[in-house]
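The model shown is predicted, which means the values in this text are computed figures rather than measured ones. Side chains included, hydrogens not; waters and symmetry mates left out as well; all remaining heavy atoms used.
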Amino acid sequence: MQATSRRCRWASIPGPNMREAASMYGTAVAIFLVILVAALQGSVPPESPFPYHIPLDPEGTLELSWNVSYVQEDVHFQLLVRGLKAGVLFGMSDRGELENADLVVLWTDGGRSYFADAWSDQKGRVHLDNHQDYQLLQAQGTPDGLVLLFKRPFATCDPKDYLIEDGTVHLVYGILEEPFQSLEAINISSLHTGLQRVQLLKPEVPTPAVPADTRTMEIRAPDVLIPSEETTYWCYITELPQGFPRHHIVMYEPIVTEGNEALVHHMEVFQCTATFESFPHFSGPCDSKMKPQRLSYCRHVLAAWALGAKAFYYPEEAGLAFGGPGSSRYLRLEVHYHNPLKIPGRRDSSGIRLYYTATLRRFDAGIMELGLVYTPVMAIPPQETAFVLTGYCTDKCTQLALPSSGVHIFASQLHTHLTGRKVVTVLVRDGRETEIVNRDNHYSPHFQEIRMLKKVVSVHQGDVLITSCTYNTEDRKLATVGGFGILEEMCVNYVHYYPQTQLELCKSAVDPGFLQKYFHLVNRFNSEDVCTCPQATVPQQFASVPWNSFSRDVLRALYAFAPISMHCNRSSAVRFQGEWDLQPLPKIVSTLEEPTPHCPTRGTQSPAGPTVVNMAVAKLER
């Protein structure tokens, strides 16, 4: 191990006195930050070389900051370790598992300390990676703790490495509490470990100017006592002032109670429907039996934030309208608390700060639902690892409902329930897939946020939008049907666009008549298990299906060729005029190729083995 290791270039410098050391360190850090900011091609202001921050663990022992260089296609990480014991482990995996993970490890054998690129196998054993793609740039003690600065390319083309993509990344961590004689001696099952979800590759979107007459409004939890449970969704109803006129929301940002940064996972603000004149006030768990039923009608998203996200800005030419005639005064704040250590007695007043203006912008921004209708006719068999369902916004609907100038999508929020694993929406023009609207190959239903798109996507009359969701039902014994319940499923992309149109929902589902033909066919090749009588509901029918290779394959085929029922709906929930049942699936003559990762050239600077870290230098002299 030691024969293949190298020392950091700064670790073997003769020891200066304290004043010289402080001066040298300050100069070195200043020079490094200047170089880093220059390398990032102006993607962040000079005073903030690491604009993104998240706590990794609930206790606040580990804090991650990072920045992205799309020019160099790499991510710079800054990991703060408070109260360092014998080392730390950090990395990424497909779903947040500690097995089969791509890792970087700082550890000590009791005499020397090392930093290395590593990976874990199916049994949680750690191995040195043959290619050291994590590059240590700095290790330094600070008053807050040890700071590790390192970088890694998006793609390495190393089969043991994780491909960093645009969507959700599951970060994993572990704290080493005792020395290990070698990297291979580390077994993850013996460590204090955890995971955190984040979008690492934030888009480089210019920040629009905020109008001079902008005002703010805070929608905050009312001093909530966070339950000592791992997961809590807290709902709170508030209202706008009487006579609140029409305004445009131009941006919003999170307000997180100090000390609760690791517990507040994500937050959303919904506007209630104007159908009801009033809504009962409520503050409590969203799944409480005491929650008024009417709160289910508060589903129009005004703002959404998730851990690691910064402020959300609307384009300069558009704003999200709220207030005024035809708009409900009632708002619902939903806060997801993630409290894996079940810490008791913590109080919270987190929420979202809305920035709004009375000077209305040129366009109203709108939110359109794409994907599948909430209906049980779309179902996933049990014991599936990657079952795909697809919803369509057809050319017939966009031709009828969109303006001749088209609309422009600038942000997107993907949504499924518990079995969703991947979501993608593709734009199709003249039968050809032209571009991805939004894709998340590592989607998690526990991490949902409105994400700015790297590039505005324009949709014109006659275009098609196809949304596909991939599900995993390995742990279920019965079919999972579509619906509103948490154990049912959804496949939705809430796209944020301008100018707003009357088209609020453009979704599909398989034709119910063809689904009944499927049940009849299953009965022909099996015993008469599925009741096709009128009194049987679709969920009851799916629950009776004998799930074998035949019934699974035929259901896939049904969803791939059967006609669909289109929901081309106005904001009033009424369909646009036309024939929308028994519609043919859009014809696709060419599809987009999967992007090929760019493999960086491996230079001679990459070490062949672990980097020796001089912890005496890294620790702060007090």
| Under the ring-ring contact (aromatic ring centres under 6.0 Å, His included) criterion, do Tyr471 and Phe387 qualify, and how do the steps go? | CA-CA 5 Å; Tyr471 303 92; Phe387 195 90; 7.9 Å; no

| query | His408 and Tyr498: aromatic ring centres closer than 6.0 Å? | reply | yes

| field | Ring centre gap for Phe282 and Tyr236 strictly below 6.0 Å | value | no

| task | Return yes when the gap between the SG atoms of Cys235 and Cys286 is under 2.5 Å; return no otherwise. | result | yes

| task | Kindly confirm or rule out an SG-SG distance below 2.5 Å between Cys491 and Cys469. | result | yes

| side-chain contact (heavy atoms from CB on, under 4.5 Å) assessment of Thr390 paired with Ile466 | CA-CA 7 Å; Thr390 299; Ile466 301 176; 3.4 Å; yes

| field | side-chain contact (heavy atoms from CB on, under 4.5 Å) partners of Glu474, counting only residues at least two apart | value | Thr385, Asn472

| said: For Glu369, is there an ion pair with Lys507 - N to carboxylate O distance below 4.0 angstrom? | reply: yes

| field | Phe244/Phe322 under ring-ring contact (aromatic ring centres under 6.0 Å, His included): CA gap, chis, key distance, verdict | value | CA-CA 9 Å; Phe244 186 79; Phe322 80 130; 5.3 Å; yes

| field | Of all pairs that satisfy salt bridge (charged side-chain N to carboxylate O under 4.0 Å, His left out), the ones with a partner from residues 259-280, not counting sequence neighbours | value | none

| message | What I'd like to find out is whether the side chain of Val388 reaches to under 4.5 Å of the side chain of Ser468, using heavy atoms alone. | response | yes

| field | Residues in side chain to side chain donor-acceptor pair (under 3.5 Å) contact with Tyr355, at least two apart in sequence or another chain | value | Glu253

| query | Under 6.0 Å from the six-membered ring centre of Phe270 and within 45° of its axis: does the NZ or CZ of Arg332 meet both? | reply | yes

| Got a salt bridge between Asp166 and Lys202, using NZ or NE/NH1/NH2 to carboxylate O under 4.0 Å? | no

